[in-house]
A.B. asks: 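Okay, handing you the structure first.
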Amino acid sequence: SNVASDRFPVSCMNAVDIRPSQSINNLWEDSQPVATMPNRRLSQGYGIVLLLLFFCSLTLFRYRWLQRIADATGFPHGIVAYADLSSPDIGVQLGEQKSFPNVRGIRQMLDYHPVKEEWRQAPHDRFLTDDSWLTGLKLMRKYNMVFDLQLHVPQLQSSANVARCHPDQQFILNHAGFPAVLTDDAIRSWKEGMSALARHDNVTVKLSGFLQFHHTWSKALLHPLVDYVINTFSVNRCMFGSNFPVGKLHGSFSELLTAYLDICEDMGLSQEDADKLFRDNALRLYRL
C-alpha cells in the first residue's frame, strides 16, 4: 500500500539529499543515472514527485551531466550546488553554476564544532563574520539563489545575525540545526539558537538529518524536535527532507516517512499543513 497516499492523499516527500563522501562511497552509485533514483530505489510507491540534489563539491562537468539528464527525463527537478563564498572568483563561479537552468542555490557546509573534531565539515568557524564570505553572500541575490545553511548549534546565533543583516537573501537551515546532543543544556542552547533564527522571515528550516547523529532513533525521539521547530517557525517555514541515501545507513526510507506522517497526525496537522511540509514549501522556496 502507499503509506503517503493512505495518510495524506496529496502529500509527497519533497527532497532527497545526495552527498558523496569517502565514508559513504557505497551509497553514491556513480554509474547509475540519477534520474532513475525516484522510480527504482527511493519512492517504492510513496508518491515522490520532487528530487532535489545537494552537493558538497562538484565540477562543472558534473553539473553539465546532471543538467543533460534533467533536460531528457525531468529529474532532478533542482540542483543545489557547492561554492566557497569567500573565493576571490565567487562571482564567476556563481555565474557559471546559474547558467544551468536547474541550479537553484548554493550549499557551503559551514558546520564547525568547537569541541568535536569529527563533526567538523568546515576548516574554521570564521565564515559567518568574514568580509570576503559576506561579500560572496551578497552576490547570490544577483542570481536569485537560495543559500542552504548547514552548521552546528554553537553557530546558530551567528547565523541569525547574518540572516538579520541580509533580509533579502533566502536561507534554508539544513537538518533542523543539528540537535545532535539531547541533554537539557544542549537542547536549551539549540532552542535559543533556533528561536533567534525564527525571528527572521527569510529563514526556513529543513526537518532532516536526524538519523545522522541519532543512529538508534525512534518516533518518540524525533517528535519533540519536529514539534518544537514547526511551532517556532510555523508550517509555512518548514519542510521535511529525507537526507537519503545518507539516512539509509541507520534506517529505511519507509520507516522515516512513516515516522514523519505519524508525527503530523499526532500534532493534529491539517491536510493543507501536511502538503506544505511535504511538498508545497519546497516547490515555492526552490522555485520548482
Side-chain angles (χ1 to χ4, degrees), residues 13-24 27-28 37 42 48 50-57 78 80 82 105-113 116 118-122 146-156 159 171-182 186-187 189-191 193-194 197-198 203-230 232-233 237-264 277-278 281-282 285-286:
M13 204 64 170
N14 64 33
V16 178
D17 301 345
I18 308 295
R19 267 187 41 197
S21 77
Q22 290 183 345
S23 62
I24 56 171
L27 302 180
W28 177 249
M37 289 183 176
L42 293 175
I48 298 175
L50 302 178
L51 179 65
L52 289 166
L53 301 185
F54 298 79
F55 291 98
C56 52
S57 64
V80 176
Y82 166 81
I106 294 294
R107 181 178 71 167
Q108 179 182 359
M109 293 189 290
L110 305 177
D111 29 341
Y112 183 93
H113 197 278
K116 294 184 177 293
E118 66 273 19
W119 288 4
R120 295 173 184 170
Q121 298 281 1
V146 303
F147 185 78
D148 271 57
L149 272 171
Q150 182 167 310
L151 27 73
H152 285 296
V153 171
Q155 300 172 286
L156 293 177
S159 66
F171 296 93
I172 299 178
L173 179 66
N174 285 195
H175 305 333
F178 272 146
V181 181
L182 301 181
I187 289 295
S189 295
W190 173 70
K191 288 184 175 180
M194 295 297 282
L197 277 168
V203 180
T204 295
V205 180
K206 194 181 300 178
L207 294 160
S208 62
F210 298 108
L211 280 59
Q212 189 163 334
F213 289 97
H214 305 295
H215 300 169
T216 55
W217 64 281
S218 65
K219 187 192 80 169
L221 183 147
L222 300 187
H223 192 155
L225 303 175
V226 171
D227 186 281
Y228 177 80
V229 174
I230 291 176
T232 301
F233 283 82
R237 295 168 56 200
C238 296
M239 67 180 83
F240 284 118
S242 68
N243 198 38
F244 266 57
V246 180
K248 72 179 182 180
L249 287 169
H250 306 292
S252 72
F253 186 89
S254 174
E255 291 169 334
L256 180 62
L257 177 57
T258 299
Y260 284 161
L261 293 167
D262 283 344
I263 291 169
C264 287
L277 294 168
F278 281 93
N281 292 342
L285 291 162
Y286 286 109

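What you see is a predicted model, and the numbers here were worked out from it, not measured in a lab.
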A.B. asks: Just jot down the side chain to side chain donor-acceptor pair (under 3.5 Å) partners of Y112, sequence neighbours excluded, or say none.
C.D. replies: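 Testing Y112 for side chain to side chain donor-acceptor pair (under 3.5 Å), a comparison that skips the adjacent residues, returns R120.
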A.B. asks: Checking T232 now: which residues fulfil side chain to side chain donor-acceptor pair (under 3.5 Å) with it, not counting sequence neighbours?
C.D. replies: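 Not a single residue meets the side chain to side chain donor-acceptor pair (under 3.5 Å) criterion with T232.
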A.B. asks: My understanding is that only residues two or more places apart in sequence, or in another chain, count here; which of them pass ring-ring contact (aromatic ring centres under 6.0 Å, His included) with H113?
C.D. replies: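 Result, ring-ring contact (aromatic ring centres under 6.0 Å, His included) vs H113: W119, H152.
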A.B. asks: What do the steps show when you test V153 against V181 for side-chain contact (heavy atoms from CB on, under 4.5 Å), and what is the final call?
C.D. replies: CA-CA 9 Å; V153 171; V181 181; over 6 Å; no
A.B. asks: In Å, rounded to the nearest 0.5 Å, how long is the span from OG of S159 to CZ of F171?
C.D. replies: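 Output value for this atom pair is 8.5 Å.
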A.B. asks: Can you name the nearest heavy-atom pair linking F178 to D111, along with the distance?
C.D. replies: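 Residues F178 and D111, closest heavy atoms: CE1-OD2, 3.6 Å.
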A.B. asks: When you measure from the side chain of Q212 to the backbone of G209, do you find a donor-acceptor pair of N or O atoms at a distance under 3.5 Å?
C.D. replies: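 It does not hold such a pair.
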A.B. asks: For the pair Y286 (side chain) and G78 (backbone), establish whether a donor and an acceptor sit closer than 3.5 Å, ignoring hydrogens and angles.
C.D. replies: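 No.
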A.B. asks: Would Y82 and Q108 satisfy side-chain contact (heavy atoms from CB on, under 4.5 Å), going step by step from the backbone distance to the final call?
C.D. replies: CA-CA 6 Å; Y82 166 81; Q108 179 182 359; 4.2 Å; yes
A.B. asks: Give the minimum heavy-atom separation between H175 and S208, together with the two atoms involved.
C.D. replies: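 Closest approach of H175 to S208: ND1-OG, 2.8 Å.
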A.B. asks: For F147, check ring-ring contact (aromatic ring centres under 6.0 Å, His included) against everything at least two apart and list the hits.
C.D. replies: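 Result, ring-ring contact (aromatic ring centres under 6.0 Å, His included) vs F147: W133.
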A.B. asks: State the CZ-CG distance between F240 and L256, to the nearest 0.5 angstrom.
C.D. replies: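 One finds 9.0 Å between CZ of F240 and CG of L256.
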A.B. asks: Would you be so kind as to tabulate the donor-acceptor pairs closer than 3.5 Å made by side chains of residues 216-223, with sequence neighbours excluded?
C.D. replies:
unit_1	atom_1	unit_2	atom_2	d
W217	NE1	H250	O	2.9
S218	OG	A220	N	3.4
S218	OG	L221	N	3.3
K219	NZ	D266	OD2	2.8

A.B. asks: Side-chain contact test, heavy atoms from C-beta onward, threshold under 4.5 Å: evaluate it for L225 versus W190 and give yes or no.
C.D. replies: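 Result yes, sub-4.5 Å side-chain heavy-atom pair found.
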A.B. asks: With no hydrogens and no angle check, is any side-chain donor or acceptor of Y228 less than 3.5 Å from a backbone partner on M194?
C.D. replies: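 Between the backbone of M194 and the side chain of Y228 there is no qualifying donor-acceptor contact (under 3.5 Å).
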A.B. asks: How many angstroms lie between atom CG of L285 and atom NZ of K206, to the nearest 0.5 angstrom?
C.D. replies: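 Here the interatomic distance stands at 10.0 Å.
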A.B. asks: Measure the spacing between CD1 of I106 and CG of L149 and express it to the nearest 0.5 Å.
C.D. replies: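 Between atom CD1 of I106 and atom CG of L149 there are 13.0 Å.
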A.B. asks: Determine the sole option in N174, V226, V229 for which the side chain to side chain contact (heavy atoms under 4.5 Å, CB included) test with V205 is passed.
C.D. replies: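 Looking at N174, V226, V229, the match for V205 under the side chain to side chain contact (heavy atoms under 4.5 Å, CB included) is V229.
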A.B. asks: Taking all heavy atoms of R237 and all of L197, pick out the closest pair and write down the distance.
C.D. replies: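 In this case the closest contact between R237 and L197 is NH2-O, 3.8 Å.
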A.B. asks: How close do F278 and C264 get, counting heavy atoms only, and between which atoms?
C.D. replies: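 Shortest heavy-atom separation between F278 and C264 comes out as CE1-SG, 3.7 Å.
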A.B. asks: CG of L182 to CD1 of I187: how many Å apart, nearest 0.5 Å?
C.D. replies: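 It comes to 5.0 Å.
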A.B. asks: Any heavy-atom pair between the side chains of V80 and I172 that's under 4.5 Å?
C.D. replies: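 Heavy-atom side-chain distance check fails, nothing below 4.5 Å.
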A.B. asks: I need the minimum non-hydrogen distance between F210 and P179, along with the two atoms involved.
C.D. replies: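 Smallest interatomic distance, heavy atoms only, reads CE2-CG, 4.4 Å.
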A.B. asks: Of all residues at least two apart in sequence or in a different chain, which pass the ring-ring contact (aromatic ring centres under 6.0 Å, His included) check with F233?
C.D. replies: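 By the ring-ring contact (aromatic ring centres under 6.0 Å, His included) rule, F233 matches no residue at all.
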A.B. asks: Rounded to the nearest 0.5 Å, how far apart are OG of S242 and CG of L207?
C.D. replies: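 Interatomic distance, S242 OG to L207 CG, rounded to 0.5 Å: 12.5 Å.
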